[in-house]
Amino acid sequence: MTDKLYMERALALAAQAQYSAAPNPMVGCVIVRDQQIVGEGWHRRAGEAHAEVHALQQAGAAAKGATVYVTLEPCSHFGRTPPCANALIEAEVAEVVVAMVDPNPQVAGRGLAALEAAGIKTKVGVCEAQARWLIRGFVSRMTRSRPWLQVKMASSLDGNIALANGESQWLTGPDARADVHRFRARSSAVLSTAKTVLCDQAKLTARAPETVQQPLRVVLDRSLQLTPEAALFAQTGPILLVHDQALQPNAEVVWPQHVEHFGVAADGQGLDLEALWQELARREINIVWTECGATLAGRLIEQGWADELIVYLAPQVLGHQAQSMLQLPNYSELQQTPKFKFTETRLIGADLRLIAIPDNGRGDLES
């Protein structure tokens with residue numbers, strides 16, 4: 001079995017924590033001795049043992065002289081848990097194969113340096129692209145100081161989200177709606193607007209069976225139009241209402257304890273989204289799942305904030321007078337239009353799910 005196959009196993013282990021690892025990255029580890037896997041592990045959630053520790057515990061004495069495959073550079077600092085590089089050194093492993101260097105500029109390379117200083121051979125870059133994609137939210141937060149932004153849309157085959165009179169529920173089927181809840185559950189935050197919340201009586205909670213913790217619900221409420229009576233606030237779990245900093249919430253209104261207001265600058269285009277992304281990164285938000293109307297979705301795409309589009313296409317058409325899923329400028333040339341490339345197409349029940357990323361490379365995800 002090659003390095004690639006062992007690392008692919010480690011990546012599969014890491015992915016088991018897709019609902020629970022945040023704000024930490026998903027990490028998997030495989031320990032091999034004499035071409036046999038003697039230990040496996042993955043990081044389950046923040047504050048608990050890292051992948052290497054679980055694998056070392058399973059391997060026991062067999063770890064001595066073994067080769068370790070880990071999807072992310074072993075940590076060399078004391079955080080919520082002790083450094084994994086030290087644990088590998090103490091176990092006297094012979095070699096550590098790493099998919100990618102830690103993207104955190106404060107720790108990048110230090111774990112590898114500690115291993116090499118102890119006489120342990122290291123190798124970097126096996127399945128690096130897959131590893132970076134798996135933890136793209138963490139990579140984005142570490143390298144761009146903002147979360148990875150997923151924009152979800154659901155439309156008819158002719159690109160519309162509602163009839164001219166506004167009727168839209170339900171455009172997609174139950175399988176697609178369940179799929180959305182799984183995406184919510186894997187996200188650190190769910191972003192929407194006050195208009196969407198009021199029109200849809202949205203709760204924005206993750207209701208998938210796999211849900212481990214509810215994402216932060218972030219609602220753009222520029223003019224402070226939401227009130228505590230909205231369905232959004234009936235559900236517990238943290239909520240961040242983002243408004244124009246020139247306005248102040250009514251001091252006489254009693255809000256639930258899980259609701260927080262956050263003011264940012266505003267102009268003719270809307271709220272200062274860059275300030276919001278920085279605040280969310282400060283709160284250790286890795287992935288933001290966005291469900292909104294045509295105006296915000298169009299702005300996120302036009303301004304280059306959308307890192308990934310998840311589009312559900314229902315097998316029906318709504319006609320030329322229906323409401324479009326995107327509000328974008330009136331382009332005069334094709335070269336002006338935002339371009340994407342598909343990374344996945346899949347049937348979800350009766351609907352088609354398309355996933356696409358901007359067609360300008362993968363930015364910080366490139367190795």
Side-chain angles (χ1 to χ4, degrees), residues 1-17 21 23-135 138-139 141-143 284 364-365 367:
M1 190 178 284
T2 66
D3 285 350
K4 181 175 181 291
L5 291 177
Y6 286 127
M7 190 63 76
E8 287 175 343
R9 173 58 184 166
L11 287 165
L13 290 169
Q16 295 189 58
N24 288 358
M26 292 171 274
V27 181
C29 180
V30 171
I31 301 178
V32 178
R33 182 171 177 176
D34 299 327
Q35 298 184 330
Q36 296 292 321
I37 294 177
V38 295
E40 293 185 334
W42 68 93
H43 179 50
R44 289 161 172 79
R45 66 178 67 197
E48 297 186 4
H50 286 190
E52 299 93 322
V53 173
H54 285 297
L56 286 170
Q57 288 174 345
Q58 188 177 105
K64 185 175 181 178
T67 299
V68 178
Y69 295 84
V70 61
T71 59
L72 183 66
E73 176 186 4
C75 62
S76 59
H77 64 290
F78 283 87
R80 295 182 176 95
T81 59
C84 292
N86 289 6
L88 293 170
I89 292 169
E90 292 171 3
E92 299 182 48
V93 303
E95 182 179 8
V96 176
V97 181
V98 174
M100 61 176 287
V101 174
D102 193 323
N104 185 339
Q106 296 181 339
V107 300
R110 294 184 182 179
L112 290 167
L115 293 170
E116 291 167 356
I120 297 173
K121 183 181 177 181
T122 65
K123 182 189 293 187
V124 181
V126 178
C127 298
E128 181 171 0
Q130 298 97 306
R132 293 177 75 83
W133 181 255
L134 181 67
I135 60 169
F138 181 77
V139 172
R141 178 162 66 86
M142 288 294 116
T143 61
E284 298 186 312
D364 59 282
L365 291 180
S367 58

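In this chain, numbering begins with 1 at the start of the sequence shown.
- For the atom pair Ile37 CD1 and Thr67 OG1, the distance stands at 12.0 Å (nearest 0.5 Å).
- In this structure, Glu73 contributes its side chain and Gly109 its backbone to a donor-acceptor pair below 3.5 Å.
- Of all non-hydrogen atoms in Leu88 and Pro74, the two that sit nearest each other are CD1-CG, 3.7 Å.
- Interatomic distance, CD of Glu128 versus CG of Leu72, reported as 10.5 Å (0.5 Å rounding).
- One distance of note links CG of Asp102 with CZ of Arg110; it measures 10.5 Å at 0.5 Å rounding.
- Heavy-atom minimum distance, Gly28 versus Leu13: CA-CB, 4.4 Å.
- In this view, Arg33 satisfies the salt bridge (charged side-chain N to carboxylate O under 4.0 Å, His left out) rule with no residue, not counting sequence neighbours.
- His43 places a side-chain N or O within 3.5 Å of a backbone atom of Ala49 that can act as its donor or acceptor partner.
- Between Gly47 and Asn24, the closest heavy-atom pair is N-ND2, 4.4 Å.
- To the nearest 0.5 Å, the span separating CD on Gln130 from OG1 on Thr71 amounts to 11.5 Å.
- Side-chain contact between Met142 and Pro25: absent, with no pair of heavy atoms (C-beta onward) separated by less than 4.5 Å.
- Leu11 and Ala131 get closest at one heavy-atom pair: CD2-CA, 3.7 Å.
- Here the side chain of Arg9 pairs no donor or acceptor atom with the backbone of Glu40 at under 3.5 angstrom.
- In this structure, NE2 on His50 lies 13.0 Å from CG on Leu56, to the nearest 0.5 angstrom.
- Taking both residues in full, the closest heavy atoms of Gly111 and Ala85 are given as O-CB, 4.1 Å, listed atom of the first, atom of the second, then distance.
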Quick one: side chains of residues 90-101, donor-acceptor pairs under 3.5 Å with protein atoms, not counting sequence neighbours, listed by atom name and distance.
none

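- Proximity of Glu8 to Tyr69: side-chain heavy atoms (C-beta onward) are nowhere separated by under 4.5 Å.
- Closest approach of Phe138 to Pro23, counting heavy atoms only: CD1-O, 3.9 Å.
- Within the structure, every pair that satisfies the side-chain hydrogen bond (donor to acceptor under 3.5 Å, both in side chains) test and touches residues 52-64, not counting sequence neighbours, is listed here: Arg44-His54.
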